[in-house]
Amino acid sequence: MASFLIRRLLYSIIVLFVVSFFAFAAVRATFNPLAKLAASKDVEVKQRESERLGLNRPMVVQYGDFMGKFVQGNWGQSESTHEAVSAMIQRSMVATLQLIIPGVILSIVAAIGLGVYSAVKQYSAGDYFLTAFSFVGIALPPFWFGLIAIEFLAVQPKSWFGLQQTPLYFVGLHSGDGAGVNWDYFRHLILPVLTLTVQIIAGWSRFQRASMLDVLSADYVRTAKAKGVPRKQVIFKHAFRNALVPMVTVMALDIGALFGGLVITESIFSIPGMGRMFLNALQNGDAPVLAVWVIVTAGFVLLFNLFADLTYGLLDPRVRLA
Amino acid sequence: MQQAFQWYVHSCLTHMSGAARLGWTAPDMPYRHTKRETCVKRNLRPTRLLAALLALGLIAAACSSSSTTATTATTQVNVPQGGSLVIGAEQEPDCLDWIATCGASSWGYWMANVTTMPRAYDPVKDGDQYGYVPGVLLTGEADLKTDPTQVVTYHINPKAVWSDGQPITSADFKYTWEQIATGTDIYDKTGYSDISAVDATDPATAVVTFSTPFASWKSLFGGGYGVLPSHILSAVPDRDAAMKDGYKWSGGPYLIDSWNKTESITLVPNPKWYGPTQSHLDKVIFKFVADTSAEFQAFKGGEVKMIYPQPQLDVVDQINAGLADTNSTFNAETGSYEAIWMNNAAAPVDDVKVRQAIGYSIDRDAIVNKLFGQLGVTTALQVMNAPIVNAYSDTQAFAGYKPDLAKVDELLTSDGYAKGSDGIYAKGGKPLTITVTSTAGNKRRELTEQVMQQQLKDAGIGMTIANQKAGDFFGQVLPAGTYMVGIYAQQLTSIDPGRCGQMCSKNIPTDANGSTGNNVSRINVPELDPLLAAVDNTLDNQVRTDKNKQADGVTADQLVSLPLDPLPDIVLWNKSVVGPVGDNAVLGPWWNLQDWGVTP
């Protein structure tokens, strides 16, 4: 187990370096951070800024300078805002986590429950309904669902019921310049979390259903039924745990990717998370921010990948990690 | 009472003159230090008071209509005290260090610079033209000497103080100049680098001496920057660090209470504000709303009470779909204009006859009407400059370029082209086809391209479309000149007609200048250079205007590029927001925020 962990960590570090290099190089080759200076009437400003930011140096030198500071804990400064990248990542991650945590918890509970029900009640009316719901959920583009949800769950009810305010809010995480966890905060959180979870639940519930059906048709389950083991015990003690194993792997990988931010959801609901930070940095050609974003996101994916492998070993004693 | 009377006179005369039909509201007119206002003050005598009151009654009766102008003027006297206003902001500024490269954000400027920074001159509408009037920071017009060198003497208002009570002095002018002229991370040093000295011996008088004449001197110590507080910033080691994330001082009507990054900027009244009106509002919150559709939904749902959307097609559709309890104003006389920019160094548009043929092929009025007709903007721009500098422009320079297929044929056949069987002109076996590049995903520009494509085809000129991501287009394609024809907008941030940066041959990006020049259209017209240089350096306003108009004529004759449309400003606000709400094409809609209020 220990050698397995060390090997995986070393592999992850190499992957992170390679990924960050390609991200840095791609942004430098694609975007010009001096483009915003086009409106300046100062004919010397681009040359001045190019020298100040070291943009006239070879790209490899720029990357080396950036990574040299990064490994010493200095994540650099945004070329657009002059803010410390570490502070930007911290702030954005806090906002994204406020969507991910409730979203994932809700998705896990709903997806597993719906998937198990669909599998156990295969070909029932409920199963057909949930299958249709899943397909619609997977097909719905999140940006469309988000805007529709805003229109029909917030804006229209205000006029339908003659309300003073919309029942749910959809700009940021607080009204005005408010703060804290309160009823206003929850009214802001409902729609973005709903938008996030619809697609996730739709996908995961299908996977759980398939996994559960696979296990329910196994010989040992048939043996358990033949032995007279109670139905609930067959489903939850024998089938469910085994069906959960591949499901955990899928969930772990998907959750890892969520830490990169939910670009569409955060844009529609103006949530200041990792996705919006990524989008702003991309539009500004802000290579230091993008490189760190890639490292952090890839780090979470690798971490959750490792978590999935470890959990796999825990859930299935037949698996030994070496 | 006197101010209220002035508002009635302003708004009602505007209404009766028909100006209101053009979407002007009373706030488009200046409310301080104008000739008309001064005239009204001087002519009020006690013996004429009864006549004035009778006239007021007649005017009030004439003005009892449902026009927006009369409505906003009436509510000026009834602006309630107190309350908060939440405004939707489409973009968050990168930083609030106004003179740094990160501070060049239009939204940041409108929200937090205009409301907190003192300015020597304000760009406001005087009559039907934009011009500079002395701000409340000054006691009146600055003194200008031009011989032997340019010297501008600013007389500072003795009442002008910072929010900590310290007076605003000539030392602040000097500090501001030094920071900009000698700083490293500065967005635009233009003008400040022409100053050789600022004499701050007398705290109430700043004497600014120029080494090189700078015609747009009224945009200095104001403009996109303002005046910085020397007593606060010179005491800190790093001005940028002290300002970029927000600052707790002010020389304007508001203070920045907080900047919750990526969420909102909150302003509160500056208790030491020395202007004529103190804020009626307790708090103003600019909430960042990234998505345009969500912005409109937030406005309809009441989460924000005011928005200032970009003039995009979906915005026009949203407005036409109907917005309840909403006031609106559309201002076509803005600092932004869209044009068909031709790369004068790229074949076939390096040929003036081809460029002129394109000019006679396109029905620009039809394009503008299609884009903005529903907002009342139906005619194309006829000069390669923004409407806010119309006072300096030959506003009909390009009026001759209307669809004329006979003219197209005459130009192209004299240039060796002949129409092929496919209806497209060709020379030497090569069909005349232009490639138009613009920003991908911009529906307004994509519609423009589609209409142009059909019009050019009808005229016998082929057109292909090769749009790029905005970052690529502005960051790579334009500087490198790897395009033939581009569609994009220019935005003026001051009332400065100068265009040498974009049109003088010395500013063509080359390897020699590290590809940093802004003349991305590669305009190289010998007679144009000295005219544009004179516009930048001539201090005589009349001479400057004449030179600029001559330059307009040359740009039209050579068709260096083709103006298309002014980009209108659109302001939408809930009816609970009262006061002289409107638009200033340079300062933005919140230039007089302290005069507004909200009804409960």
Side-chain angles (χ1 to χ4, degrees), chain A residues 30-50 52 56 78-83 88 91-92 95 143 146-147 150-151 154-155 158-159 164-166 169-177 179 266-270 272-273 276-277 279-280 282-285, chain B residues 84 86 88 92 94-95 97 100-102 104 184-190 193 240-241 244-245 257-258 260-264 266 283 285 287-291 293-294 297-298 300-304 324 470-472 474-476 478-479 490-491 493 496 498 501 507 513-518 520:
Chain A
T30 312
F31 296 93
N32 182 356
L34 304 180
K36 65 180 179 184
L37 302 176
S40 171
K41 292 193 170 184
D42 189 340
V43 296
E44 294 170 0
V45 67
K46 284 182 187 170
Q47 193 151 5
R48 253 192 343 255
E49 282 301 290
S50 181
R52 188 181 71 83
N56 48 0
S78 163
E79 286 170 356
S80 301
T81 66
H82 298 185
E83 192 181 357
M88 293 172 72
R91 186 180 60 238
S92 301
F143 69 86
L147 293 172
I150 291 172
E151 187 69 21
V155 176
K158 184 179 171 221
S159 52
Q164 292 272 21
Q165 300 165 337
T166 55
Y169 298 134
F170 46 89
V171 178
L173 290 171
H174 298 92
S175 294
D177 59 349
E266 289 174 5
S267 292
I268 291 171
F269 295 99
S270 302
R276 262 186 72 194
M277 191 187 78
L279 201 58
N280 289 338
L282 197 66
Q283 287 169 344
N284 291 326
Chain B
S84 297
V86 182
E92 181 182 22
D94 288 334
C95 78
D97 179 9
T101 53
C102 63
T184 49
D185 173 20
I186 304 297
Y187 175 68
D188 192 342
K189 295 188 178 189
T190 307
S193 52
D240 180 61
K244 66 183 176 72
D245 295 326
D257 183 54
S258 64
N260 293 327
K261 290 277 179 100
T262 67
E263 292 210 57
S264 61
T266 301
K283 198 185 277 193
I285 301 152
K287 203 139 174 69
F288 307 127
V289 190
D291 181 76
S293 299
Q297 286 173 313
K300 285 193 281 188
E303 268 200 81
V304 300
D472 292 347
F474 292 113
Q476 319 262 353
L478 290 180
Q490 283 283 358
Q491 184 173 7
T493 54
D496 176 10
N507 292 320
N513 61 27
S515 296
T516 56
N518 282 337
V520 294

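Per chain, numbering begins at 1; letters A, B, ... match sequence-line order.
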Discussion item. Taking every non-hydrogen pair under 4.5 Å, which of B/T190, B/D291, B/D188 racks up the most with chain A?
Written reply: B/D188
Worksheet entry | Which atoms of A/E49 approach chain B - backbone, side chain, both or neither, heavy atom under 4.5 Å | side chain
Worksheet item: Quick one: does B/E303's side chain have a donor or acceptor within less than 3.5 Å of a partner on A/F170's backbone?
Response: yes
Discussion item. If I take atom NE2 from residue A/H82 and atom SG from residue B/C95, how far apart are they, to the nearest 0.5 angstrom?
Written reply: 6.0 Å
Item to complete: Determine, stepwise, if the pair B/K189 / A/E44 fulfils side chain to side chain contact (heavy atoms under 4.5 Å, CB included).
Response: CA-CA 9 Å; B/K189 295 188 178 189; A/E44 294 170 0; over 6 Å; no
Item to complete: May I have the step-by-step check of side chain to side chain contact (heavy atoms under 4.5 Å, CB included) for B/T101 and A/L37, ending in yes or no?
Response: CA-CA 7 Å; B/T101 53; A/L37 302 176; 3.9 Å; yes
Worksheet item: Based on non-hydrogen pairs under 4.5 Å, which of B/V86, B/V289, B/D97, B/D257 is most in contact with chain A?
Response: B/V289
Worksheet item: How long is the gap from CG on B/D94 to CG on A/N284, to the nearest 0.5 Å?
Response: 5.5 Å
Item to complete: Could you pull out the closest heavy-atom pair between B/C102 and A/S80, with the gap in Å?
Response: CB-O, 2.8 Å
Worksheet item: B/A104 versus chain A, heavy atoms under 4.5 Å apart: side chain, backbone, both or neither?
Response: neither
Worksheet item: Which bit of A/E151 comes within less than 4.5 Å of chain B, counting heavy atoms only: side chain, backbone, both or neither?
Response: both
Worksheet entry | A/S40 vs B/Y187, side chain to side chain contact (heavy atoms under 4.5 Å, CB included): CA-CA, chis, key distance, verdict | CA-CA 7 Å; A/S40 171; B/Y187 175 68; 3.5 Å; yes
Practice prompt. Mind running salt bridge (Lys or Arg N to Asp or Glu O under 4.0 Å) on A/E83 and B/K244 for me, showing each step along the way?
Written response: CA-CA 8 Å; A/E83 192 181 357; B/K244 66 183 176 72; over 6 Å; no
Discussion item. Nearest 0.5 Å, please: how far is CG in A/D177 from CD in B/E263?
Written reply: 10.0 Å
Worksheet entry | Pairs of heavy atoms under 4.5 Å with chain B: top-ranked of A/V45, A/L173, A/V171, A/T166 | A/V171
Practice prompt. Please round to the nearest 0.5 Å and tell me the distance separating atom OG1 of B/T262 and atom CE of A/M88.
Written response: 9.5 Å
Discussion item. Using the rule given for side chain to side chain contact (heavy atoms under 4.5 Å, CB included), can you reason through B/D185 versus A/R52, listing the C-alpha separation, both sets of side-chain angles and the distance that settles it, and then say yes or no?
Written reply: CA-CA 8 Å; B/D185 173 20; A/R52 188 181 71 83; 3.4 Å; yes
Response to the item:
Answer key: most heavy-atom pairs under 4.5 Å with chain A among B/V520, B/T266, B/D245, B/N260 is B/T266
Item to complete: Name the option with the most non-hydrogen atom pairs under 4.5 Å to chain A; the candidates are B/K287, B/Q297, B/K261, B/Q476.
Response: B/Q297
Worksheet, complete the sentence: Whatever's closer than 4.5 Å to a heavy atom in chain B on A/L34 counts as neither
Item to complete: Search all heavy atoms of A/G176 against all heavy atoms of B/S264 and return the closest pair with its distance.
Response: O-OG, 4.0 Å
Response to the item:
Interatomic distance, CG@A/D42 vs CG@B/N518, rounded to 0.5 Å, equals 9.0 Å
Fill in: Nearest heavy-atom neighbours spanning B/A294 and A/L147
N-CD2, 4.3 Å
Worksheet, complete the sentence: If you tally heavy-atom pairs under 4.5 Å between each of A/L279, A/N56, A/I150, A/I268 and chain B, the highest tally belongs to A/I150
Worksheet item: Which of the residues A/Q283, A/Q165, A/Q164, A/R276 is involved in the greatest number of heavy-atom pairs with chain B at under 4.5 angstrom?
Response: A/R276
